[in-house]
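Reminder, nothing fancy here: chain letters follow the sequence lines and each chain counts from 1. Side chains are part of it too, since the values below use all heavy atoms of this structure and drop only hydrogens, waters and symmetry mates.
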Amino acid sequence: MKSYEEINEKIRAGRAVVVTAEEVIAIAKDIGVKEAARKIDVVTTGTFGIMCSSGAFLNFWHTKPKMKMQRVWLDDVPAYGGIAAVDCYLGATELPSYDPCNSHYPGSFRHGGGHVIEDLIAGKEIKLRAEAYGTDCYPLRSYEQNITLKDVREAFIFSPRNCYQNYNVATNCGAETVYTYMGVLKPHMGNIHYSSAGQLSPLLNDPYYRSIGIGTHIFLGGGEGFVAWPGTQHAPFDPRNERGIPLGGAGTLAVIGDMKQMDARFIRGVSLTGYGVSLMVGIGIPIPILDEDMLYYTTVEDADIQAPLCDYGKEGYPTGEPCVIGSLNYAELKSGEVDFQGKKIRTAPLSSYTKAVEIAETLKQWIVSGRFQLGQPSQLLPGGGSPDRKED
Amino acid sequence: MTKNMISKNVILRFSPEVVGEPIVYLLVKEFDLVPNIIKASVNPDKQGYILLSLTGEEENYKASLKRLEELGISVQCLMERIKWHEEICTQCGACTAVCPSLALSIRRPEMAIRFDSDKCVACQMCIQACPVNAVTLDL
Ligand code: SF4
Ligand code: SF4
């Protein structure tokens, strides 16, 4: 048994033993779970995928004369200004009013909130435009200025739902191509898309949220951040397999982090043909090896993780009716081809495994070098901390 | 003498006066090439293009290009025309299951993306599938 404080002390002293969620698998096979739990202090995880329900709060300093910005645009993408005088929230999926959307089907959605967030983090100049009705204390009615992230007073990502524990796998049983948030899906089960880092994914390495809770210190978009709250649609009581791995989406996280620390390599605006814009977000979460059970959970492998195969064709997912047609594990999915109902179907990820590895490695280096310490959750997530591993 | 068989993807662009010439027939008959049309379009003012792969003997292929040019058809070899921009690519993989020729594929077990331009047939499926415009086609 180790405490957070003991592990942090080791980190400060530069003595912490840190491995990634990929490396721990081989180590535990080699020396056993018990010995591995004794030796290892922290296991780092990582994921880099498209995460809708992301966005940023920005504060722009006061203008002269002062203004209560009622309507705000950043590079023509509307941001929500109904918060205070110079605060706004820019959502990742927001589109500029000039975008033809799907009137030229499938729309290509070149630019939107996710891209503005990426551009700000990359240090690019963007155009801030605001309109107001004017008050005695805030008389200015219109404002336009090119700004960079440096000119913004505070900027932080605050995303209501990121880091899905597991996720649907998509195919298309219909007769026409569909353009979805799960990518371009060819007719008659022409391809299968999945979106999870599998064995490296944060919440799959701590399936019962024993250590990931409110206040957990994380890697977010290349900077440091925190778990702020259970994410929206957090569903901890969904069915699980014998290892505790949920068979569907299950857990989610609301996360927060300073944009000024972030790196555009780990946070990218994306255009999904026929669907819209969004944001690819890199998240890495350290798992403290408090006891043997924690270590055991981090040894999860792709073959241990099943995900529901869903029909995203016109008669399936869009209707709101049940659309699960099967189950596949990530070892099968990652192989590039699966055998399903007697048909060989090519599979492809939408989330980047190499980037997930890079994130887990970066976080490992941060911890080893002593610059990043663990944050003990001040409260666990709903469904967190239970049950302990069943002995078999 | 051994014959050097090749397979190339080309775009043929033609002006109104050429529409009507039996181009594909000519490629088969005169040059013994196997053309496979990937995409074709003729717009209302009759300017058009055909994107096709040509398989056959290198000598014949070269001679056919000359003959096409004589007919006033501009020929663009597509090999370098689909570009994969590694520095933009997020390594997500979203292009790999829609790519018909496995030109864009995943190297396992690292799951790294690679692009083999020799295999590319310039179908442009990847352009639609890529969320960050890391593949482009310069027409
Ligand atoms: S254009 Fe793109 S999808 Fe088509 S063959 Fe080339 S790489 Fe593959
Ligand atoms: S879809 Fe685009 S970003 Fe993703 S792997 Fe292919 S080229 Fe790279």
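- At most 12 non-hydrogen atoms from other residues, nucleotides or ligands lie less than 6.0 angstrom from OH of B:Tyr25.
- Residue contact with chain B, scored on non-hydrogen atoms closer than 4.5 Å, is absent for A:Ser195.
- Contact record, A:Leu350 with B:Cys92: O-CB, 3.4 Å, taken as the closest heavy-atom pair.
- Nearest approach of A:Asn191 to B:Val98, heavy atoms of both residues: ND2-CG1, 3.4 Å.
- For the set A:Lys355, A:Lys334, A:Glu337, A:Lys186, the entry with the most heavy-atom pairs within less than 4.5 Å of chain B is A:Lys334.
- Contact between A:Arg268 and B:Thr90 at its shortest, heavy atoms only, is NH1-CG2, 3.5 Å.
- A distance of 13.5 Å separates CD in B:Glu87 from CZ in A:Arg265, rounded to the nearest 0.5 Å.
- Residue-environment remark: NZ (A:Lys343) exceeds the threshold of 12 foreign heavy atoms within 6.0 Å.
- Contact check for B:Ile106 versus A:Pro349: side-chain heavy atoms found under the 4.5 Å cut-off.
- Neither the backbone nor the side chain of B:Leu104 comes within contact range of chain A; no heavy atoms are under 4.5 Å apart.
- Annotation for B:Asp32: atom CG does not count as buried by contact number, only 12 or fewer foreign heavy atoms lying within 6.0 Å.
- The CZ atom of B:Arg107 sits 9.5 Å away from the OG1 atom of A:Thr354 when rounded to the nearest 0.5 Å.
- Neither the backbone nor the side chain of B:Cys95 comes within less than 4.5 Å of any heavy atom in chain A.
- Residues B:Ala97 and A:His193 approach most closely at CB-NE2, 4.2 Å, considering heavy atoms.
- Listed here is the closest heavy atom pair of B:Leu102 and A:Arg346: CD2-NH2, 3.3 Å.
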Inset, instruction - Kindly determine whether A:Tyr179 and B:Gln128 satisfy side chain to side chain contact (heavy atoms under 4.5 Å, CB included), including the steps that lead there. - result: CA-CA 9 Å; A:Tyr179 299 88; B:Gln128 260 194 350; 3.4 Å; yes

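- For chain B, no part of A:Met182 is nearby; none of its heavy atoms comes within less than 4.5 Å.
- In this structure, chain B has a heavy atom under 4.5 Å from the side chain of A:Tyr194, while its backbone stays farther away.
- Contact annotation for B:Glu110: only backbone heavy atoms (N, CA, C, O) come within less than 4.5 Å of a heavy atom of chain A.
- Contact record, B:Pro131 with A:Leu272: CB-CD2, 4.3 Å, taken as the closest heavy-atom pair.
- Heavy atoms of A:Ser351 lying under 4.5 Å from chain B belong exclusively to its backbone.
- Only the side chain of A:Arg110 comes within contact range of chain B, with heavy atoms under 4.5 Å apart.
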